[in-house]
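One structure is given here, and the rest of the page talks about it.
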Amino acid sequence: MGEDSEVPAPDVTRTTRPRTDSRRPTATAGGPVTGALAAAQASALRSGVVDWFAEHARDLPWRAPDRTPWGVLVSEVMLQQTPVVRVLPAWTAWTARWPTPADLAAASPADVLRAWDRLGYPRRALRLQECARAITEHHGGVVPDDEARLRALPGIGAYTAAAVVAFAFGGRSVVLDTNVRRVLARTVDGAALPAPSQSVGETARAAALVPPGPADAARWAAASMELGALVCTARAPRCEACPVAELCAWRLAGRPPDEHAARRRTQAWAGTDRQVRGRVMALLRDAPLPVPGEVVDEAWPDRAQLRRCVAGLVADGLVEEVAAPADDALPAYRLPLAPVG
DNA sequence: AATTCGGGGGC
DNA sequence: GCCCCAGAATT
């Protein structure tokens, strides 16, 4: 990111901004779509964010002109709950090694899981390979460009399908990720953070904000996400650098605290099955040969929990059991060599 | 609607 | 230590 933190001051000379005295009706996220946001206000929001994006967009590799739809899809799956900075090196190595869906479809799951490394949620890696196989077998090796077919692929949910449509094909879709949710919660609803769970009304409101033209819609999607990632951040929002601070309901209300704070429970980590599973996966990733059960047992003090987790990993297709070398020995474990299906 | 599922970095 | 991160699938 060569861009430094100098952000041009908001263009206060532009006087076309509509008066804001018509106080925004206290619309909840699920409130009426039309009328929740004046048309002029919506227009100012979109143009402010898109113009800002034109100057401040990061040049991420999956945005490069030579990107492929498959590369975009891979990036989106990797970015599901994993920050950009950690995805960057993994994505580069991954796309160089498996440039097409057919390449990934033919790989060994063990290699796939090792390349996934510590991006987290390794089942995403397996689903991505299943996705590659489905594209290879059912779509002639070509990434579908419509939301319905994308949505039907393994590991592709509402967000990712919409994102691929917009970022790989420049199509029109409703891209509503954690960043966009937060930007709209603040600018439109005046809330510090969006509600813990995404509502139908919230989706409809986001849909109403998407520009009619495909190119504009795709640009709005990228721009609103980028604003959330770089300026309108969850922790320490940089309102002084925000292109739409002048119309942001949250800032105008004095940045009130999060109403849902009490209901947000942070995911426990220490001692959970997720930690144990992660430890086992790390052990097997680093092992060139099957690891004897006796060795796996040492990976976690609570043996019952450990064995339960290993069984879960086997059931999930993330780990393969190898027959014990002797009758009185435990089976060994390794990353799966061949796809299950 | 609520749970499960990794891992790391910023604060 | 707590919180969050370009979510999806399952129950």
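So you know, we letter chains A, B, ... as the sequences are listed, proteins then strands, and number each from 1.
Stem list for DNA chain B (at least 3 consecutive Watson-Crick or G-U pairs, distances under 3.5 Å): B:1-5 with C:7-11, B:7-11 with C:1-5.
Here the two rings, on W98(A) and W70(A), have centers that are 6.0 Å apart or farther.
Put simply, chain A comes within 4.0 Å of DNA chain C, heavy atom to any atom, from dC3(C) to dA9(C), going 5' to 3'.
In terms of the side chain to side chain contact (heavy atoms under 4.5 Å, CB included) criterion, residue partners of A162(A) (sequence neighbours excluded) are, by chain and number, E147(A), S173(A), V175(A). For E76(A), the side-chain hydrogen bond (donor to acceptor under 3.5 Å, both in side chains) criterion is met by Y159(A), not counting sequence neighbours.
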Pair D189(A), W250(A) - check side-chain contact (heavy atoms from CB on, under 4.5 Å), show working. CA-CA 7 Å; D189(A) 297 331; W250(A) 182 57; over 6 Å; no
Take L230(A) and R58(A), measure what side-chain contact (heavy atoms from CB on, under 4.5 Å) needs, and give me the verdict at the end. CA-CA 9 Å; L230(A) 298 183; R58(A) 293 167 290 183; 3.9 Å; yes
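Using modelled atom types, one side-chain atom of R124(A) and one backbone atom of G120(A) make a donor-acceptor pair closer than 3.5 Å. Side-chain atoms of R334(A) do not come within 3.5 Å of backbone N or O of E320(A) as any donor-acceptor pair.
Across all strands shown, T160(A) has heavy atoms under 4.0 Å from sugar-phosphate atoms exclusively, and none from any base. In this structure, W62(A) reaches the bases: a heavy-atom distance under 4.0 Å links it to at least one base atom across the strands shown. Residue A234(A) is in sugar-phosphate contact alone, with no base atom involved, counting any heavy-atom pair closer than 4.0 Å across all strands shown.
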5' to 3', nucleotides 3-11 of chain B under a 4.0 Å protein heavy-atom cut-off (B base, S sugar-phosphate only, - none) gives S-BBBS-B-
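When each of E226(A) and P154(A) is assigned the nucleotide of DNA chain C with its nearest heavy atom, E226(A) is the one assigned upstream, toward the 5' end. The residue among R127(A) and G228(A) whose nearest nucleotide of DNA chain C lies closer to the 5′ end is G228(A).
Side-chain atoms of D111(A) and S108(A) include no donor-acceptor pair closer than 3.5 Å. Donor-acceptor pairing under 3.5 Å is recorded for the side chains of R274(A) and Q267(A). Between the side chains of R67(A) and S75(A), no donor-acceptor pair of N or O atoms lies under 3.5 Å.
Around CZ of R263(A), the count of heavy atoms belonging to other residues, nucleotides or ligands within 6.0 Å does not exceed 12.
Between dA6(C) and dT4(B), the distance separating the two P atoms is 24 Å to the nearest Å.
Applying side-chain contact (heavy atoms from CB on, under 4.5 Å) to W62(A) and the options T68(A), L79(A), L73(A) leaves one that passes, L79(A).
The side-chain heavy atoms of D316(A) and R277(A), taken from C-beta on, include a pair separated by under 4.5 Å.
The stretch residues 170-181 of chain A touches DNA chain C through D177(A), T178(A), N179(A), each having a heavy atom within less than 4.0 Å of the strand.
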